[in-house]
Structures are given as structure tokens and as C-alpha cells.
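Reading through the C-alpha cells given below for one structure.
One-based numbering, in listed order, for ligands and for the atoms of each. Computed from a prediction, not measured in an experiment: that's the story for all the values here.
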Amino acid sequence: MIFKTILDKTFRLYITAEQIAAAVERIAEEINRDYAGRELTLVVTLKGAMVFSMDLLRRLRVPCRVETISAKSYGNAVESSGKVEIVANFDTFRGRNVLVVEDIVDSGLTIAAILDKISQYEPAETAVAAMFSKPAMRKTDVPVAYLGREIEPLFIVGYGLDYAEYGRELPDVYQLADT
Ligand code: IMP
Ligand code: MG
């Protein structure tokens, strides 16, 4: 299926599940290499990164703790608002090697706010893994140590990413088709 209709919008196939799996495999190898002999605290940003982070988790070969963090910046729209509210059990980050797992870095405001908040709880180390990045949309510079793939400044759904809470279950990624 090349096209998907979600609510009022039409989306077109953009990145296949096979391409995604290859990128996850590569990222996992990078993490396994970089964290060999150490312990990791995966911080899953809800809800978008759930699918990516669990695929990643199953490929990791270092001891992993898993925590969640929720940062809402989007509402039901397709554009970033820049306002971010962050919820987590922050004390679980103290002294840990924190790896924040994001679905997509767009403006960068969400991940910047998350990193700022986490740093207040004195982790041993903090890094970011993101499945997708839209470098053309960046409003603030954020370090992404592990990246699945750069994409055009398009709105996408699938592989955990939603349009108004729909589309997260799609194994492939679709882009908003211009109609
Ligand atoms: P940022 O603060 O602009 O970097 O936005 C990051 C968050 O917005 C991501 O974690 C996603 O939840 C959401 N987001 C950004 N771009 C898209 C997209 O193309 N599709 C779905 N959600 C997106
Ligand atoms: Mg997200």
C-alpha cells in the first residue's frame, strides 16, 4: 500500500520497515560498542519513541535499565509549539549513563528541554539516540549521538509517530502527501 488515509489527510510511503530495521541494527551496534562494559539507562520519550526504543532494547548487549519521560510539545497539530512540559522519575537518573531515546528531532526544542531538565539531576553522562531528524527545522542546536536517518522537513507518521494519535502502529513510515 503506497498511500494511507488518516483522518483528513493522505500520506505516502516514505521509509520502509526494512530500511528502519537496518538503521536500528546499526545504531544498536554503535551503542554496544560505545557502552561495552558499562550499564545504560534508556530513557524512552513517550509516546513516539516507544516502538523505536523497544526494537533498540532487544538488540542491546549491555545491562539496561529502562525509564520513561514524557515531553509534550505538539498537541494534535502538525507544527511545533515550542512549549514543553516534562514528566519523569528524575531521581532514577542520578549517577547513571542516560541515553535519551527520541522518535524524531524536529525543532530540537523538546530534546533541549529534556536534556536541560535531566542535567539538574546529575547523571554520570547523557546522550541522545533519535530514529529521525529534520535538520532543516532546527531552532536550537542539540547533540544527537546516535541517529537513524536524516529526513526532509516533512510531516511523517508510522513506526511510533502519530498524526493526532493515529498511525503509530504502521511498520513503515509515511509522509504527508501534498494534495
Ligand atoms: P521538536 O521539539 O520540534 O524537536 O519536536 C519533537 C517532537 O515533535 C517529537 O518527539 C515528535 O513527538 C513530534 N514530531 C516532530 N516532527 C514530527 C513528525 O513529522 N511527525 C510526528 N511527530 C513529530
Ligand atoms: Mg517525541
*Counting only N and O atoms by type, is there a donor-acceptor contact under 3.5 Å from the side chain of Asn32 to the main-chain atoms of Arg59?*
yes
*Please confirm whether Asp103 comes within less than 3.5 Å of ligand 1 when only nitrogen or oxygen atoms on both sides are compared.*
yes
*Examine distances only and state if a side-chain atom of Arg138 and a backbone atom of Asp106 form a donor-acceptor pair shorter than 3.5 Å.*
yes
*Below 3.5 angstrom, do we get any N/O pair linking Val157 and ligand 1?*
no
*Measure the distances from the heavy atoms of Lys139 to every atom of ligand 1 and state whether one is below 4.0 angstrom.*
no
*Report, in ascending order of atom number, the atoms of ligand 1 lying under 4.0 Å from any heavy atom of Leu154.*
19 (O)
*Cationic N near anionic O, under 4.0 Å, Arg58 to Asp55*: yes
*Considering only heavy atoms of Asp162, which atoms of ligand 1 have at least one such atom less than 4.0 Å away?*
21 (C)
*Kindly state whether the ring of Phe90 and the ring of Tyr121 have centres lying under 6.0 angstrom apart.*
yes
*Please indicate whether any nitrogen or oxygen in Ile156 is less than 3.5 Å from any nitrogen or oxygen in ligand 1.*
yes
*When you measure from the side chain of Thr45 to the backbone N and O of Val101, does any donor-acceptor pair fall under 3.5 Å?*
yes
_Using a 4.0 Å cut-off to any heavy atom of Lys134, which atoms of ligand 1 qualify?_
16 (N), 17 (C), 18 (C), 19 (O)
*Answer yes when Arg38 and Glu125 have at least one side-chain N-carboxylate O distance shorter than 4.0 Å, and no when they do not.*
yes
*Identify, by atom number and element, the atoms of ligand 1 in contact range of Ser107, meaning under 4.0 Å from any of its heavy atoms.*
1 (P), 2 (O), 3 (O), 4 (O)
*Side chain or backbone of Asp106 under 4.0 Å from ligand 1, or both, or neither, by non-hydrogen atoms?*
both
*Close-contact set for ligand 1 against Glu102 heavy atoms, below 4.0 Å*: 10 (O)
